[in-house]
**Q** 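The structure under discussion is supplied below as structure tokens; questions concerning it will follow.
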Amino acid sequence: MGPVRGGLILACLALPGPALAEVCARLRPDWDGRPVGPVAEAIALFSSLPALALLLGTALAIRLRHQGLALGVVVLWTVLVSFAALRGGQDGVWQAAATEGCVGSPSLFIALAAAISVGTILYTSRRPRQD
């Protein structure tokens, strides 16, 4: 077997197949077949129930300017971002879905969640002016 034929065999084995399509049907049933980018993945992650609850908690902490609530919300944002960044672990389901293209990079979601957390802490830690 020459190097060209060996490379072709390896390339064919790396192509997405029916097993990977099954992964996408399970993880993202409404996927339309186009590769998911960071913006679409951020929208999908922000529209999840935990993220919506944290957005509501963040809005409440900002409205009340409550430092303890803000700290709790930021810790929960950290947990959610950790799950988004480390998803898949050892089983390879999320890696297979990323190879197929139905799951994108969570980098934009992580950056926006970090910005929300920093802004919440900075806003709630400011003391109102006393004239």
Side-chain angles (χ1 to χ4, degrees):
M1 175 166 42
V4 173
R5 192 170 79 183
L8 287 175
I9 291 172
L10 287 176
C12 290
L13 291 176
L15 291 175
L20 294 178
E22 181 181 319
V23 168
C24 287
R26 195 175 80 208
L27 290 178
R28 300 273 169 92
D30 296 334
W31 182 53
D32 61 359
R34 292 183 301 191
V36 175
V39 174
E41 186 66 21
I43 291 170
L45 289 171
F46 272 116
S47 64
S48 68
L49 187 61
L52 290 174
L54 286 175
L55 285 172
L56 182 67
T58 302
L60 188 63
I62 288 173
R63 173 69 177 102
L64 299 175
R65 267 197 170 176
H66 193 273
Q67 289 179 337
L69 181 60
L71 179 64
V73 168
V74 167
V75 168
L76 291 175
W77 274 115
T78 305
V79 170
L80 184 63
V81 163
S82 297
F83 282 132
L86 301 175
R87 66 183 173 197
Q90 301 297 324
D91 61 357
V93 173
W94 288 96
Q95 288 84 7
T99 302
E100 181 70 19
C102 61
V103 173
S105 171
S107 58
L108 184 61
F109 172 74
I110 293 169
L112 290 174
I116 289 170
S117 297
V118 168
T120 302
I121 291 295
L122 290 177
Y123 184 78
T124 57
S125 66
R126 288 190 326 187
R127 297 282 178 216
R129 284 188 183 174
Q130 295 177 357
D131 292 331

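Worth knowing before you read on, the calculation uses all heavy atoms, side chains too, and leaves out hydrogens, waters and symmetry mates.
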**Q** Quick test of your reading: applying salt bridge (charged side-chain N to carboxylate O under 4.0 Å, His left out), list the pairs with at least one residue in residues 42-53, sequence neighbours left out, ordered by first then second residue.
**A** none
**Q** Going by the rule side-chain hydrogen bond (donor to acceptor under 3.5 Å, both in side chains), which residues pair with S48 if we only count those two or more places apart in sequence or in a different chain?
**A** none
**Q** Check G104 against E41 and note the closest heavy-atom contact, atom names and distance.
**A** N-OE1, 3.1 Å
**Q** Looking only at heavy atoms, what is the nearest atom pair of P106 and A84, with distance?
**A** CG-O, 3.7 Å
**Q** How far does CG of L27 sit from CD of E22, to the nearest 0.5 angstrom?
**A** 10.5 Å
**Q** Tell me, which pairs form a side chain to side chain donor-acceptor pair (under 3.5 Å) where one or both residues lie in residues 114-123, sequence neighbours left out?
**A** none
**Q** Using a 4.5 Å cut-off between side-chain heavy atoms of Ile, Leu, Val, Met, Phe, Trp and Tyr, which other residues end up in the same hydrophobic cluster as L64?
**A** V39, I43, L45, F46, L52, L54, L55, L60, L69, V73, L76, W77, L80, V81, L108, F109, I110, L112, I116
**Q** For H66 and T124, what are the C-alpha separation, side-chain angles and deciding distance, and is it a side chain to side chain contact (heavy atoms under 4.5 Å, CB included)?
**A** CA-CA 6 Å; H66 193 273; T124 57; over 6 Å; no
**Q** Working to the nearest 0.5 Å, report the span between CD of Q95 and CD of E100.
**A** 14.5 Å
**Q** Once side-chain hydrogen bond (donor to acceptor under 3.5 Å, both in side chains) is applied, do any residues pair with D32, and if so which ones, sequence neighbours excluded?
**A** R34
**Q** Can you name the residues that form a side-chain hydrogen bond (donor to acceptor under 3.5 Å, both in side chains) with S125, not counting sequence neighbours?
**A** none
